[in-house]
Amino acid sequence: MNLLGLEISDAGILAAGAHPSGLLDVDGQKRESPGFAIPEKENLLVGNAAAAKAHLVPLQVINTFWDQLSTNPLERKNSHAQNQAEIACAHLSYVWENIKMHGDELIFAVPDHYGQEQMGLILGMTQELSIPVRGFVSLPIAASRDPRPDALLLYLDIHLHRLEIVRLGQGDHLTRENSLSVQDIGLDQLYRSWVESVAQEFVRTTRFDPLHQAATEQEIYDRLPGALDIFKSHSSFIFEISQGNHSYRITLLRDLLKQKTGEVYNEICRFIEKMRDEHGQKDFPAVLQLTHRIASLPALKDRLSEIENCEIVELEPGAGARGVVAIWNQLAGQHAPDRTSFFTSRPWQQTEPDLSRYIPSEASGGKAGPTHVLYRDVAYGLSETPLFIGSDPSLSGTGIRVQDGTSGVSQKHCAIQKHPDRIVLTDYSSQGTFVDDQRINGSTTLEPGQTVRLGTSEETIRLITCIQPDET
């Protein structure tokens, strides 16, 4: 049995596995598959291919099928699907074809607003597609990371068509207590306002209107995610569009996008304060867990940091998909084996992992080399392919994304790779990589039990040896 976790969001479905560990390509060579569909004559286009044409054929686009998952008839009839659920089934089938070589059973992490009807429909889809399903876990429960009993724990997420804020109860179990779901705040609405602002700036500066042609309108939408990434570290950049023999350029300012979101961000802050007030904990410390979707919004973290007595924690991309795989062993014994269960709570004890099952004993001679690295209780396998570690290792391939203290961690900080006779760590950082508190120079050979620390952060990774090669 090899479990795969699937995180459902209309902004982008993500999948994670144990072998290989980490996020999987779900849509060609991309890690996210957005909830877009376009009925064509011969087939139904879904995911990134549909999103890339969404503004070329706007009247044909369907992008509400995951948010409004139901058997209600579609407004516009087509020969491929009669309702939202049939569109979602086609999208799920496409994603499954991309990931099924990595596993044989699925666990779903589903948005907070999903109920029995939506999960029943997903079960029907998986039966039709012959996809084995083990269970469902609430996305905030699956994605949450560390217990914080000294604080009010809130989970913030944004999808294409809604914002969700969930209050989580902490005790022996992490539980979903209550939530706010706001349908008039979503990425679809924000992107539309940003595209309009960019177009207005082109008209003001160059008199060229990119919204006059569907192709240039689509180009702005396609390039916005890259612009948001740039704005994480820069306040402006040159945005250029070519039209025929002419090129038009503007200096796009982060503040321009920020202006369009000011009222939305204020509303989010009001929702947070409302949730604190409802529980009589206005002055109690709060921890805000942000998904990668909402954390990518320009200057939102700056605005949230203005809330008194709040700490911001940015969750890794696909935290829900990764989480269901990591915690399923905790949940598996809590339901009947012949029934698909939905979990809205999970054990929440802060326990140290049992390293004795990973580190060779004296009886075995202690000669086995490292097979995995252990980070935050999850073991990542080592292979001939470099395992990159850093604040954004996805820039280099598969890897481990460090969560805390990233100011002292490079995007591609270091890599660990299996060689025929040894395991080698190579340092790529400017802040240094330390093995057992000794800074390395270039590269070094690693042994089981050693601890790797990254730069000036407190984040550490432990070298372990699994007795069975498929352990995680």
Side-chain angles (χ1 to χ4, degrees), residues 18 20-23 145-147 233 311 313-317 322 326 350-472:
S21 62
L23 295 181
R145 198 177 63 209
D146 297 327
S233 55
E311 176 186 345
V313 175
E314 185 176 345
L315 299 172
E316 62 186 346
R322 297 171 188 262
Q350 181 77 339
T351 58
E352 291 295 324
D354 179 10
L355 297 181
S356 63
R357 63 192 287 263
Y358 300 112
I359 301 175
S361 65
E362 292 183 2
S364 68
K367 297 180 180 179
T371 62
H372 294 65
V373 295
L374 191 69
Y375 176 63
R376 292 185 178 272
D377 296 3
V378 178
Y380 298 82
L382 300 175
S383 68
E384 289 79 9
T385 301
L387 179 70
F388 288 95
I389 304 165
S391 62
D392 192 1
S394 61
L395 296 175
S396 305
T398 58
I400 300 174
R401 186 174 185 273
V402 172
Q403 294 301 298
D404 293 336
T406 54
S407 60
V409 179
S410 302
Q411 289 183 326
K412 186 181 78 170
H413 196 95
C414 64
I416 302 178
Q417 185 176 9
K418 183 178 181 181
H419 289 249
D421 58 344
R422 59 197 175 115
I423 300 295
V424 174
L425 180 146
T426 303
D427 178 34
Y428 296 101
S429 72
S430 59
Q431 301 94 335
T433 301
F434 301 80
V435 177
D436 291 343
D437 287 329
Q438 298 295 315
R439 182 166 183 166
I440 70 168
N441 183 16
S443 62
T444 188
T445 299
L446 298 174
E447 301 294 339
Q450 288 186 312
T451 299
V452 177
R453 178 168 58 83
L454 307 178
T456 59
S457 75
E458 297 299 321
E459 292 289 82
T460 59
I461 294 167
R462 184 80 175 271
L463 276 296
I464 61 175
T465 299
C466 290
I467 306 304
Q468 299 296 328
D470 62 345
E471 291 197 53
T472 58

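Keep in mind that this is a model prediction, so the values were computed, not measured.
Scanning all heavy atoms of the two residues, the minimum distance from V402 to E459 falls at CG1-CG, 3.4 Å. Across every non-hydrogen atom of T433 and C414, the tightest pair is OG1-CB, 3.9 Å. Among all heavy-atom pairs drawn from L387 and Y380, the shortest one is CD2-CB, 4.1 Å. When all heavy atoms are compared, the tightest approach of S429 to S410 is CB-OG, 3.5 Å. Here the closest non-hydrogen pair linking L463 and E447 is CB-O, 3.4 Å.
Between S443 and L425 there is no side-chain heavy-atom pair separated by less than 4.5 Å. Between L446 and V424, the closest side-chain pair of non-hydrogen atoms is not below 4.5 Å. Within the 4.5 Å cutoff, no side-chain heavy atoms of T371 are placed close to those of L382. The side-chain heavy atoms of I400 and F388, taken from C-beta on, include no pair separated by under 4.5 Å.
The side chain to side chain donor-acceptor pair (under 3.5 Å) test applied to R439 returns no partner, not counting sequence neighbours. For D437, the salt bridge (charged side-chain N to carboxylate O under 4.0 Å, His left out) criterion is met by R453, not counting sequence neighbours. A search for side chain to side chain donor-acceptor pair (under 3.5 Å) contacts involving T444 returns nothing, not counting sequence neighbours.
Here CD of Q450 is found 11.5 Å from CD1 of I423. Values are rounded to the nearest 0.5 Å. Atom CD of Q431 sits about 6.0 Å away from atom NE2 of H413, to the nearest 0.5 Å. The distance from the CD1 atom of I461 to the CD1 atom of I464 is 11.5 Å, given to the nearest 0.5 Å. To the nearest 0.5 Å, atom OG1 of residue T445 and atom CG of residue D421 are 8.0 Å apart. Within the model, atoms CD of E384 and NE2 of H419 stand 9.5 Å from one another, a figure rounded to the nearest 0.5 Å. Here T426 contributes atom OG1 and Q417 contributes atom CD; the two are 7.0 Å apart, rounded to the nearest 0.5 Å.
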### Message
For R401 and E314: C-alpha separation, side-chain torsions, deciding distance, then whether salt bridge (Lys or Arg N to Asp or Glu O under 4.0 Å) applies.
### Response
CA-CA 11 Å; R401 186 174 185 273; E314 185 176 345; 3.5 Å; yes
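Here the side chain of S383 pairs a donor or acceptor atom with the backbone of T385 at under 3.5 angstrom. A donor-acceptor pair under 3.5 Å is formed between the side chain of D436 and the backbone N or O of T451.
Other residues, nucleotides and ligands contribute at most 12 non-hydrogen atoms within 6.0 Å of the CG atom of N441.
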